[in-house]
Structure formats: C-alpha cells, structure tokens
Amino acid sequence: MWSVVKSVLAALIGVQNDRQRQKDFSSDKPAAFIITAIIMTLLFVMILVGVAIWAAG
C-alpha cells in the first residue's frame, strides 16, 4: 500500500520517473491507484479550502 501512495504522490506533483510509471501501469490492480488518487486529491482540495477560510477569517 505504501508503494501505491508513494507513486500517486509522485505522479500528482509530477516527479515520477519513467521506470516507476511503467511498473505502475503494468500493475494488475489499477483500482488501488485510482482510489488513492481520488482520496489524495480530495484531501488536497480540503486543505486548500481550509487555508482559504482561515486566511479570510
């Protein structure tokens, strides 16, 4: 599970190398990557909203 989180974080910030990307795409469980990416994106948006509310208040 840690490798999925690490791969998703690297992909989200754009620093994933080609070797790791090829390994991820050859994985037999793409649902783990999709679910993890959705959760990480939602967390990122919630943090941004929280910071915006805090800065405005």
Side-chain angles (χ1 to χ4, degrees):
M1 187 62 183
W2 174 246
S3 65
V4 172
V5 171
K6 196 166 76 169
S7 290
V8 168
L9 284 174
L12 286 174
I13 62 173
V15 296
Q16 188 173 35
N17 62 25
D18 190 52
R19 183 178 56 85
Q20 185 63 36
R21 186 181 55 82
Q22 291 295 332
K23 180 182 168 192
D24 293 344
F25 276 104
S26 66
S27 172
D28 58 340
K29 296 187 179 185
F33 290 96
I34 294 168
I35 292 168
T36 305
I38 290 170
I39 291 170
M40 295 297 225
T41 303
L42 288 174
L43 284 172
F44 178 70
V45 170
M46 288 176 18
I47 289 170
L48 287 180
V49 168
V51 168
I53 291 171
W54 174 75

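Treat the numbers as computed from the prediction; the structure is a model and nothing was measured.
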Self-check item: Which atom of Phe33 lies closest to which atom of Val8, heavy atoms considered
Solution: O-CG2, 3.9 Å
Quiz item: Which residues satisfy the side-chain contact (heavy atoms from CB on, under 4.5 Å) test with Ile35, sequence neighbours excluded?
Solution: Ile39
Exercise. Could you name each residue pair satisfying side chain to side chain donor-acceptor pair (under 3.5 Å) that touches residues 4-13, not counting sequence neighbours?
Key: Ser7-Gln20, Ser7-Asp24
Quiz item: Who passes side-chain contact (heavy atoms from CB on, under 4.5 Å) against Leu9, sequence neighbours left out?
Solution: Val5, Met40
Side-chain donor-acceptor contacts of residues 45-57 below 3.5 Å, not counting sequence neighbours, with atom names and distances?
none

Self-check item: Val15: partners by side-chain contact (heavy atoms from CB on, under 4.5 Å), with sequence neighbours left out
Solution: Ala10, Ile13
